[in-house]
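Reviewing the structure listed below.
Chain naming here is simple, since letters A, B, ... match the order of the sequence lines and numbering starts at 1 in each.
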Amino acid sequence: MSKRSVDAVFQGLYLLTDIRGMLRDTVPHHHLSVEQKKEAEKILGKLEKQVAILKEELLA
Amino acid sequence: MSKRSVDAVFQGLYLLTDIRGMLRDTVPHHHLSVEQKKEAEKILGKLEKQVAILKEELLA
Amino acid sequence: MNCGEGIDTRQIDELFINLDPIQAGGRLTTDAMKAVLAYGDGYSVCDHCTKPFRLDHISKPPLAEFHRDLASFLNMDVARLVPGARRGFQAVASALVKPGDPVLLTAYSHYTEFLSVEQSRGMAFEIPANDSHIITPDGAAARIEEVSKTTGKTPALMFIEQVDYQYGNQHPVSDLIKVAHQYDIPVLCNGAYTIGIMDVNGKELGADFLVGSGHKSMAAPAPSGVLATTSEWAETVFRTTGIKGDLTGRTFGVKEVEMMGCTLMGVTSVGMMASFPHVKRRVKEFDAQVQYVNRIVDALLTIEGTKVQSEYPRKHTLTRMNTTDSFDTVARTHKKKGFFLTSALRERGIAGILAGSTRVWKFNSYGITSEQADYIAESFIEIAEKEGLACSR
Amino acid sequence: MNCGEGIDTRQIDELFINLDPIQAGGRLTTDAMKAVLAYGDGYSVCDHCTKPFRLDHISKPPLAEFHRDLASFLNMDVARLVPGARRGFQAVASALVKPGDPVLLTAYSHYTEFLSVEQSRGMAFEIPANDSHIITPDGAAARIEEVSKTTGKTPALMFIEQVDYQYGNQHPVSDLIKVAHQYDIPVLCNGAYTIGIMDVNGKELGADFLVGSGHKSMAAPAPSGVLATTSEWAETVFRTTGIKGDLTGRTFGVKEVEMMGCTLMGVTSVGMMASFPHVKRRVKEFDAQVQYVNRIVDALLTIEGTKVQSEYPRKHTLTRMNTTDSFDTVARTHKKKGFFLTSALRERGIAGILAGSTRVWKFNSYGITSEQADYIAESFIEIAEKEGLACSR
């Protein structure tokens, strides 16, 4: 089994949920503060890593 | 408001859910068929696009 | 974008400030969202269910601990999860009210409280409100006396709302309970608009039963809720089954009759539980929320002809306005008619007020930030001024 | 990986073939997963609720249509969503059973059916099973005669399981209902293990009430379910409220007493609805599922000493095995004791059988593929052979 890909799917879902939470916090204009932007950058960076793991695990 | 980023978050969540469904269908070994691999590749490609949109929208 | 055939993706809370009267306190925390996606499957919390096979005994996920924490959070002895506050009312009424029994409710009791009485075949009697839309101890005492006399029975149960759904007013629960207890009437305090939003202390209130709503005020999916009680009443409302299979001799362990056994076996209980640490923190920050709603109401009151029908200054975020003499005068000639107001709000990213309302309408600003409060306040004034209404700011 | 403080992410269905007896049919479809994440918030389906303000009238998301489709899918006249099958039993018992009324159940009735009788203060009488663990029309007739004589009353209601939770056996529902109707006894058919998995035709069965479970067999989150009935009985079990606020004169519109008004106002109803198109298709493919379970049972039966306690060949995927004379003989000396079997299965990526079971245990293979069926069958034999049990393949 590929526990690594399962973990990556959940991590990915959770990271996107964090972005979703950020969008909710900033309705209606979604103006992110400098800090929020930093946070979003970090989250999206991590998300890219999970996508890379999934490619590695599933497409190999 | 950034409807585009909201859509991207949901699209991203849905695409990861499709991958999750694929992992569920193939327990316990997650051996994907050629077709499933193709499908997974398509999904992960779309997912990368959504992540790119989010970067564009949120980090600009 | 669909999530299933013909089901549009819901994005209200991602795109708008949502002032919906019943939705504001039930919006999920991000932790709850994560829990919901991990525990969506039916019976998802039952993986590690062992003897005695009951939801509140499951330790992984930590439901047993959550049940204990909930009771202590409410300062009550015992708590159970229920599929919505209404199912808590139903359980208590079913256990306490016999056919023909008089039951006291208030002029602002929710329809589900009435339904629970109707289902138990009790007789409903309302305690009136005073002119300020508050249920008073004197009113309660007078009604108890009257109902006891006319029916020849002491009421079997009294329902009171800590904050009611019509005005969002706070009622003197502790004093109301004292009155009821003088007549030995047990009291169910309906905390659907308070538990999970404000600090609620059951023992301090003197409540025999406290009922809260997960989806209304505890940032949880529907249907969910909590019924908490004292050790004394737990024996009645959480009594375990005594029925037996007459041929097989089967008995059914520690399952509780009024709970119908286990209640929330998946996404609902885990959603509530994931939000709970946040809920415990947010009840301490309710004062800020009250400031924000007052800022919005104050802005609305600068619009000539506008009245607030809820108690003022506001003590709760659920608020009832009357704009018959302000926004409704615009509606009479506006090409969008009564829809101009909610449509103008929507253009500004504000949703949740019943579409078409310009006379009496409610909003609930729970969960907003200080900036959002200012933005909402400013938006109302902007709309009013644009439509030529006089504003006194 | 946590989803909320102290709540571990659940990955059973991503990592294992899950044979859990109660979970197999409640596993979400991917559409339901998407719906669950879009509609997680409390009261999420109420955005467009307008007059007459009832869940089954909401057209966006298409709950009104879903209610109609559900009734037609079951070939019944009216259907309502309920928070679990148990709440369907409760509604029917509450509407039909008066204190002291005799009620018929079967030797395999679920505990929640008993609880519904207990809550209505009825008296429970079981219809016995025959030696093949089937409830028979003759047995039912004899019991009706006997109970009517001893209690002096015709039973107010009869519960029957289409497929029971103990053996997963199919009972002759249509014939049982014919018997009950000869005595004018209304019948509730419990389809918790059939509705959403097998084709169920209420009118063909002659059922007065059909109850299904969303989280057990309709790929839906918990708690969810369906109660369907005929036009005749709808007037009783879905009667609308008649209670009135005696001072305010308030009435409560079309809210249904036994439903406690609206039932599933969010993630649960939308989850059910998102899975529904898939459910409609999958009931047509049940034969394949029956083939797969028989393949697994056949493999198990090649292990010397193994018995199947359910009817055989299997007609349903829920199956009860007895391995006291096979796997349990290993357990007696194995260093992992009774846990060797479930542990060996787990190592092979198979989960869901009660940990430590080696005597009588149940599994439910619903939802697997042909390849997975072979893999499970092979795994059991492999484990048996590894532990030195004789296999006749």
Of all of D:P277, D:G266, D:A355, which one pairs up most often with chain C through heavy atoms under 4.5 Å apart? D:P277
With a 4.5 Å cut-off on heavy-atom pairs, point out which of D:S120, D:G242, D:A95, D:A32 contacts chain C the most. D:G242
Contact leader toward chain C among D:L105, D:T9, D:L247, D:V267, where contacts are heavy-atom pairs under 4.5 Å: D:L247
Under 4.5 Å from any heavy atom of chain D, what part of C:S109 do you find: side chain, backbone, both or neither? both
Per-residue contact mode, C:I12 against chain D (heavy atom under 4.5 angstrom): side chain
With respect to chain C, which residue among D:G26, D:G4, D:A222, D:G352 yields the maximal number of heavy-atom pairs within a distance under 4.5 Å? D:A222
Which of the residues C:K60, C:E256, C:E126 is involved in the greatest number of heavy-atom pairs with chain D at under 4.5 angstrom? C:E126
Tell me if a side-chain donor or acceptor on C:R86 pairs with a main-chain N or O of D:G261 at a distance below 3.5 Å. no
Return each pair, listed once, that meets ring pair (Phe, Tyr, Trp, His ring centres under 6.0 Å) where at least one residue sits in residues 247-277 of chain D; pairs must be two or more places apart or across chains. C:F114-D:F252, D:F66-D:F276, D:F73-D:F276
For chain D, which candidate among C:V36, C:D47, C:T268 shows the most heavy-atom pairs at distances under 4.5 Å? C:D47
Scored by heavy-atom pairs under 4.5 Å with chain C, the best of D:Q11, D:E65, D:Q23, D:M218 is D:Q23
Roughly how far, to the nearest 0.5 Å, is the CD atom of C:E118 from the CE atom of D:M260? 10.0 Å
Measure distances from C:M273 to the heavy atoms of chain D and classify the residue's part below 4.5 Å as side chain, backbone, both or neither. both
Is C:V270 close to chain D through its backbone or its side chain, or both, or neither, when contacts mean heavy atoms under 4.5 Å? both
Under 4.5 Å from any heavy atom of chain D - which part of C:N2: neither
Output the option from C:M33, C:H278, C:E258, C:E14 having the highest count of non-hydrogen pairs under 4.5 Å with chain D. C:E258
With side chains defined as the heavy atoms from C-beta onward, is the minimum distance between C:Y43 and D:D20 less than 4.5 Å? no
Find the distance between NZ (C:K34) and CE (D:M1) and round it off to the nearest 0.5 Å. 10.5 Å
For C:E146, what residues pass the side chain to side chain donor-acceptor pair (under 3.5 Å) criterion, not counting sequence neighbours? C:R143
Name the region of D:S269, side chain, backbone, both or neither, that has any atom closer than 4.5 Å to a heavy atom of chain C. neither
Mind ranking C:A107, C:P221, C:A124 by heavy-atom pairs under 4.5 Å with chain D and telling me who comes out on top? C:A107
Do D:R87 and C:Q90 make a side-chain contact, defined as non-hydrogen atoms from C-beta onward lying under 4.5 Å apart? yes
Would you give the length of the straight line joining atom CD1 of C:I243 to atom OH of D:Y111, rounded to the nearest 0.5 angstrom? 13.5 Å
Heavy-atom distance under 4.5 Å between the side chains of C:R10 and D:D41, does that happen here? yes
Where on C:T251 is there a heavy atom nearer than 4.5 Å to chain D: the side chain, the backbone, both, or neither? neither
Comparing C:E5, C:R250, C:M123, C:M265 against chain D, the one with the most heavy-atom pairs below 4.5 Å turns out to be C:R250
Would a 4.5 Å heavy-atom cut-off, applied to side chains only, mark C:D8 and D:P61 as touching? no
Note: C:A274 and D:C3 closest approach over all heavy atoms is CB-O, 4.2 Å
Selection from D:T241, D:T112, D:V45 maximising heavy-atom pairs under 4.5 Å formed with chain C: D:T241
Whatever's closer than 4.5 Å to a heavy atom in chain C on D:S116 counts as both
Closest non-hydrogen atom pair between C:H215 and D:G42, with its separation: CB-CA, 3.5 Å
Applying a strict 4.5 Å limit to non-hydrogen atoms, the region of C:T30 in contact with chain D is neither
Segment of D:N18 engaging chain C (4.5 angstrom heavy-atom cut-off): neither
Answer key: most heavy-atom pairs under 4.5 Å with chain D among C:L37, C:L28, C:D31 is C:L28
